[in-house]
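This report refers to the structure that appears directly beneath it.
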Amino acid sequence: GNPSRKQVRVWCDGCYDMVHFGHANSLRQAKAMGDYLIVGVHTDEEITKHKGPPVFTEKERYKMVRAIKWVDEVIEGAPYVTTLETLDKYDCDFCVHGDDITMTADGVDTYHIVKAAKRYKECRRTEGVSTTDLVGRMLLMTRQHQQVGEAEYLVERGHSDSLGTDASARSPWTGVTQFLPTTQKIIQFSSGLTPKPGDRIVYVAGAFDLFHVGHLDFLEKARQQGDFLVVGLHTDPVVNQYKGANYPIMNLHERVLSVLACKYVSEVVIGAPYSVTSDLMDQLKVDLVCHGMTEIMPDADESDPYTEPKSRGKFLQLDSGNDMTTQRIVERIIEHRLDY
Ligand code: CTP
Ligand code: C5P
């Protein structure tokens, strides 16, 4: 580009509670409107005051936003109403927000000031995903789970046959999903990178359902083991087989986007085999396969999914130092269900 041109600095702010690919997609669009993206994240206290307590703590929310690949800087504890003082303080030209209205507890548009000053731009909200929707899926899931009990497993398995081929990507677990996955969205989220000669390639596989801080800490550690990190995502029926109940909560397409939005991830295998095969390791030229400290569930034939990398001396168990799990998120939601 032209070195004399002034860098355009863009401001975004929000709660970013249960960060999902809708948030990531808004930050992607915002970044494309300028050169440098600063994201202000509200404190727990501020969010509680205006719309009730968040599911994730501010520390967790700051970390999640910082890991989104289009974000250059996070400002902790940004005020709920965006002011010109805030934009000026961080030398931002304008503020970007989705095309939905956000209000304070008193019913004031949180962007009225920047709108009036013409320092406001809109990005398109991603249809079919929101924190409210995800919480709804989790509450629905527990209700169905309690009602149907043992029988539900068979129901799920039956439905699961159509997963991955159905364009609407509906599943009994993610039943309310309205999100339409397109190749365009995958391209927009993809890094487009290929490994450079000599790059050390690290492979990890999992469900990565409701992409959370535990996953993030794990991927950061895995990335530190090499130069190019490939994440294999299991299909919905496979995840259901080893996680049980109504998991996964996000379908494969949604999980792909969540993982691609993470700055540590170089490439994603969409629907990776549960066991890490010799073909997969050769094709991707994998130097190291990692798994966290969480339990390694056996494959359908009871075998260890990491037999191949272990026999090659290319397996490493990593401690993410974080005990967050998808299950714990669901438990947090249920504990606080009266607040939502
Ligand atoms: N956003 C989006 N698409 C979504 C959800 C959120 O583009 N499906 C955008 C919002 O428009 C906003 C930014 O993400 O610009 C941060 O939003 P936040 O204050 O966290 O969000 P909510 O709108 O409350 O998001 P959610 O309903 O998921 O909580
Ligand atoms: O459970 P899931 O398949 O989503 O986990 C993906 C990977 O992330 C696994 O290797 C798991 O051990 C790791 N992980 C972790 N720390 C957490 C949660 C998951 O290391 N808190």
Side-chain angles (χ1 to χ4, degrees), residues 21 157 160-166 169 171 173-174 181 183 185-187 189-195 199-212 214-216 218-223 225-244 247-262 264-292 294-312 314-318 320 325-326:
F21 59 91
R157 292 295 296 280
S160 65
D161 295 341
S162 65
L163 291 178
T165 51
D166 181 351
S171 87
W173 318 291
T174 57
T183 52
K185 190 110 282 97
I186 293 178
I187 290 168
F189 272 58
S190 167
S191 73
L193 294 174
T194 49
D199 269 1
R200 187 170 153 82
I201 299 169
V202 180
Y203 178 78
V204 300
F208 295 91
D209 193 17
L210 284 178
F211 193 81
H212 55 66
H215 292 133
L216 191 57
F218 170 69
L219 293 180
E220 182 178 14
K221 292 261 163 71
R223 176 64 178 75
Q225 292 295 322
D227 311 291
F228 195 89
L229 176 62
V230 182
V231 179
L233 292 181
H234 302 137
T235 62
D236 298 351
V238 168
V239 173
N240 182 250
Q241 214 162 66
Y242 70 90
K243 298 261 181 195
Y247 292 105
I249 290 163
M250 279 187 159
N251 68 41
L252 177 61
H253 303 295
E254 297 175 305
R255 291 183 284 116
V256 165
L257 295 181
S258 302
V259 170
L260 278 177
C262 174
Y264 304 118
V265 178
S266 317
E267 180 65 293
V268 166
V269 177
I270 306 173
Y274 186 66
S275 283
V276 180
T277 60
S278 145
D279 280 349
L280 181 142
M281 290 192 68
D282 293 342
Q283 273 180 40
L284 297 174
K285 299 190 167 52
V286 175
D287 294 295
L288 186 70
V289 176
C290 299
H291 189 94
T294 62
E295 192 183 355
I296 297 172
M297 302 299 283
D299 202 345
D301 63 0
E302 298 300 317
S303 66
D304 176 353
Y306 296 115
T307 306
E308 180 63 26
K310 279 177 181 171
S311 76
R312 296 189 187 192
K314 290 182 174 174
F315 179 76
L316 182 66
Q317 216 158 349
L318 292 173
S320 68
T325 59
T326 304

Spacing of [X] atom [atom1] and [Y] atom [atom2] [to the nearest 0.5 Å]:
X    : Y    : atom1 : atom2 : answer
M281 : E308 : CE    : CD    : 6.5 Å
Y264 : K221 : OH    : NZ    : 10.5 Å
L229 : L193 : CG    : CG    : 12.0 Å
F218 : H291 : CZ    : NE2   : 7.0 Å
Q283 : S278 : CD    : OG    : 9.5 Å
I296 : F315 : CD1   : CZ    : 4.0 Å

Which pairs would a plain distance check flag for residues 199-206, meaning a side-chain donor or acceptor within less than 3.5 Å of a matching protein atom at least two apart in sequence or in another chain?
from, atom 1, to, atom 2, distance (Å)
D199, OD2, K196, N, 2.9
R200, NE, Q225, O, 2.8

Check for a donor-acceptor pair, side chain of [X] on one end and backbone N or O of [Y] on the other, with a separation under 3.5 Å.
X    : Y    : value
D236 : L252 : yes
S258 : F211 : no
S191 : S266 : yes

Could you walk me through whether V239 and D209 pass the side chain to side chain contact (heavy atoms under 4.5 Å, CB included) test, one step at a time? CA-CA 9 Å; V239 173; D209 193 17; 5.6 Å; no
Are a donor atom and an acceptor atom from the side chains of S275 and D299 found within less than 3.5 Å of each other? yes
Between D279 and T277, do the side chains contain a donor N or O and an acceptor N or O under 3.5 Å apart? no
Do you know the tightest heavy-atom contact between [X] and [Y]?
X    : Y    : value
Q317 : T294 : NE2-O, 4.2 Å
C262 : L216 : SG-CD1, 3.8 Å
V268 : V265 : CG2-CG1, 3.9 Å
A207 : R255 : O-NH1, 2.9 Å
N251 : H253 : OD1-N, 3.0 Å

Verdict with supporting geometry, K185 and F21, side chain to side chain contact (heavy atoms under 4.5 Å, CB included): CA-CA 10 Å; K185 190 110 282 97; F21 59 91; 5.7 Å; no
Report the C-alpha distance between Y274 and Q241 in whole Å, list the side-chain angles of each, state the deciding distance to 0.1 Å, and finish with yes or no for side chain to side chain contact (heavy atoms under 4.5 Å, CB included). CA-CA 10 Å; Y274 186 66; Q241 214 162 66; over 6 Å; no
Under a 4.5 Å cut-off applied to non-hydrogen side-chain atoms, are [X] and [Y] in contact?
X    : Y    : value
P195 : E267 : no
P273 : L280 : yes
I270 : I186 : yes
E220 : R223 : no
V269 : V230 : yes

Check step by step if side chain to side chain contact (heavy atoms under 4.5 Å, CB included) holds for I249 and E254. CA-CA 10 Å; I249 290 163; E254 297 175 305; over 6 Å; no
For K310, is the NZ atom crowded, meaning more than 12 foreign heavy atoms sit under 6.0 Å from it? yes
